[in-house]
Amino acid sequence: MELPVELFLALRYLRPRRTFVSVITVLSFLGVTIGVAVLIGVLSVMAGFQQQLTDKIIGFNAHITVAMTDGSVLYDYDKLVDLIQKQPDVLAATPIIRGPVLIEHAGEMTPAFIKSVPVDGDDPVLPLKKKLIMGDWELHGDSVIVGKEWSKRNGAFPGDKITIYGAAQVQSFLHRNDKNAVIALPEEPIIRGIFQTGQFDYDLNYLLVSTEMAQSIWGMKDAVHGIAVRVKNPEDAEAVRDRLNKVLPDTLHARTWMDDNRELFNQIEVERVVMAFILCLILIVAAFGLCSTLITTTIQKSREIGLMKALGANDLQVCGVFLFHGTVVGVFGTLSGTILGLAALHYLSAIRDFLLYAFHIQVFPSSVYGLPAIPALINPTEIAVIDISAVLICVLAALIPAVSAATLAPARALRYE
């Protein structure tokens with residue numbers, strides 16, 4: 001198959017001839033390859049981290065929480081639950097108690113949070129029973145289920161007894177000199193099981209108790225902190241929230257899981273944009289290398305350029321030779337970078353283990369990022385944008401030397417020939 005003369009000459013100039021120009025061409029090709037691979041790898045990991053974080057947050061928190069606007073407790077919540085469940089796109093609603101406590105075990109005091117769940121674990125809003133990894137889901141009477149990381153850090157396992165101090169015990173302490181005050185004793189439940197959500201913060205800081213025990217700990221009698229709501233599609237939670245706020249009394253307000261974690265997700269999105277911008281500099285550096293290669297090539301090939309124009313080649317054809325040169329480097333560098341990036345994502349765990357074993361470098365520690373493994377989400381659209389951008393950067397880098405070569409006068413180029 002015959003190639004266009006522009007492409008034929010571009011491929012000929014790309015052949016290595018053991019010259020300085022060939023070395024720069026190889027370095028430009030490697031720069032594009034590394035830049036594309038790093039962009040795909042880093043952005044995929046950050047997207048995977050955001051997706052994993054979203055799944056963990058939704059898996060442990062309600063899609064929507066209805067609570068008092070002033071932060072007070074909620075009474076007579078049964079009618080409110082019925083009202084919420086009648087709204088479109090609402091699957092279920094249950095009362096919930098959630099707040100900070102102090103836990104005593106083996107003479108050590110640690111802060112934590114309690115979260116009320118149904119005794120049988122069949123919660124239509126938060127099916128946390130599926131997260132149980134040890135022991136039994138037993139919350140009748142004096143029972144509690146703790147997170148895996150909390151259990152590991154405090155050396156507490158099923159069968160051990162702990163002491164929980166909540167708001168009721170704090171109030172008793174503050175009014176200890178009042179003879180008419182009711183003394184609230186701390187709860188002393190037995191650990192029946194251990195759960196694991198995969199989110200480090202939840203597994204470290206949360207304990208699951210029955211609604212009755214949570215009310216006793218907080219001294220709330222028949223009150224709750226709010227209503228947990230589950231909707232059909234978590235992404236549509238904001239629309240459901242707006243409808244709920246229209247039918248709820250002014251003293252109540254609905255918030256979505258996105259509202260509660262907006263700062264976190266905004267921070268992740270800003271980090272993704274900044275990281276993408278910084279990593280694009282690798283491609284720009286490679287483009288500068290390609291541009292310098294083509295400038296050097298036009299100087300070395302000035303005689304050939306003059307001869308081509310003397311034989312009838314127009315400016316567009318001469319310009320096309322060097323544009324094809326940059327395009328070929330960009331296309332093949334992008335393809336190799338894409339393959340390298342996808343391969344690195346496939347062997348991500350092996351690479352992390354190698355770095356830890358060979359260089360004692362701990363990549364993506366779970367104690368910092370809250371996830372047991374490095375997540376990665378491959379987005380074909382994002383990869384396509386990266387590839388197209390890389391090729392366009394290489395073409396633009398080749399444009400200046402290509403125009404310079406096209407405007408070279410044949411008489412000047414052949415003056416000394």
Side-chain angles (χ1 to χ4, degrees), residues 7 10-11 14 23-55 235 264-295 320 322-352 354-355 361 363-364 368-369 371 373-402:
L7 180 59
L11 294 176
L14 281 170
V23 174
I24 299 178
T25 303
V26 172
L27 292 177
S28 302
F29 172 83
L30 292 177
V32 175
T33 300
I34 295 173
V36 171
V38 172
L39 263 174
I40 291 175
V42 172
L43 295 184
S44 296
V45 169
M46 296 190 72
F49 174 73
Q50 185 173 3
Q51 182 63 43
Q52 287 284 332
L53 187 60
T54 301
D55 293 341
E235 300 297 330
L264 175 61
F265 286 108
N266 287 341
Q267 180 181 357
I268 294 175
E269 189 62 30
V270 170
E271 289 178 353
R272 287 191 67 192
V273 174
V274 173
M275 188 64 69
F277 176 77
I278 293 174
L279 294 177
C280 279
L281 296 178
I282 299 177
L283 293 176
I284 295 175
V285 170
F288 275 110
L290 178 61
C291 184
S292 64
T293 302
L294 292 177
I295 291 175
F322 297 95
L323 282 179
F324 272 121
H325 187 290
T327 302
V328 170
V329 172
V331 169
F332 283 95
T334 299
L335 288 176
S336 59
T338 302
I339 295 172
L340 180 62
L342 294 177
L345 290 175
H346 183 73
Y347 295 102
L348 206 55
S349 298
I351 294 174
R352 182 190 61 176
F354 171 76
L355 292 175
I361 300 175
V363 181
F364 214 88
V368 175
Y369 295 95
L371 296 173
I374 303 178
L377 178 63
I378 298 176
N379 188 341
T381 302
E382 192 173 72
I383 293 177
V385 171
I386 293 173
D387 291 348
I388 294 173
S389 300
V391 174
L392 288 177
I393 289 174
C394 292
V395 173
L396 291 176
L399 185 60
I400 295 177

Mind checking the CD-CG spacing from Gln51 to Leu377? Nearest 0.5 Å is all I need.
-> 6.0 Å

Can you name the nearest heavy-atom pair linking Ala37 to Gly341, along with the distance?
-> CB-N, 3.8 Å

Do Ile383 and Leu43 come close enough that some side-chain heavy atom pair is under 4.5 Å?
-> no

Is the number of heavy atoms from other residues, nucleotides or ligands under 6.0 Å of Phe265 CZ greater than 12?
-> yes

Between atom CD1 of Ile40 and atom OG1 of Thr338, what is the distance when rounded to the nearest 0.5 Å?
-> 4.0 Å

Output the distance between atom OG1 (Thr33) and atom CG (Leu340), rounded to the nearest 0.5 Å.
-> 7.5 Å

When rounded to the nearest 0.5 Å, the distance separating CD1 of Ile386 from OG1 of Thr381 is 11.0 Å

Is there a side-chain contact between Val274 and Ile278 (heavy atoms, below 4.5 Å)?
-> yes

Tightest non-hydrogen contact, residues Ala397 and Ala287, listed as CB-O, 3.3 Å

For Ser44 and Gly41, indicate whether the former's side chain and the latter's backbone hold a donor-acceptor pair under 3.5 Å.
-> no

In short, Cys394 meets Val32 closest at the heavy-atom pair SG-CG2, 3.7 Å

Do you know which two heavy atoms are closest between Cys280 and Leu39, and how far apart they sit?
-> SG-CD1, 4.1 Å

Look up atom CG in Leu396 and atom SG in Cys291, then write down how far apart they are to the nearest 0.5 Å.
-> 10.5 Å

Spatial distance of atom CD1 (Ile295) from atom CZ (Phe288) [nearest 0.5 Å] = 10.0 Å

Going through the checks in order, is the side-chain contact (heavy atoms from CB on, under 4.5 Å) test met by Val391 and Asp387?
-> CA-CA 6 Å; Val391 174; Asp387 291 348; 5.7 Å; no

Is Leu355 atom CG crowded by more than 12 heavy atoms from other residues, nucleotides or ligands, each under 6.0 Å away?
-> yes

Do Leu290 and His325 touch side chain to side chain, with heavy atoms closer than 4.5 Å?
-> yes

In short, Thr334 meets Val36 closest at the heavy-atom pair O-CG1, 3.9 Å

At their closest point, which heavy atom of Gln50 faces which heavy atom of Glu269, and how far apart are they?
-> OE1-OE1, 3.9 Å

Are the side chains of Leu348 and Val45 in touch, meaning some heavy atoms are under 4.5 Å apart?
-> yes

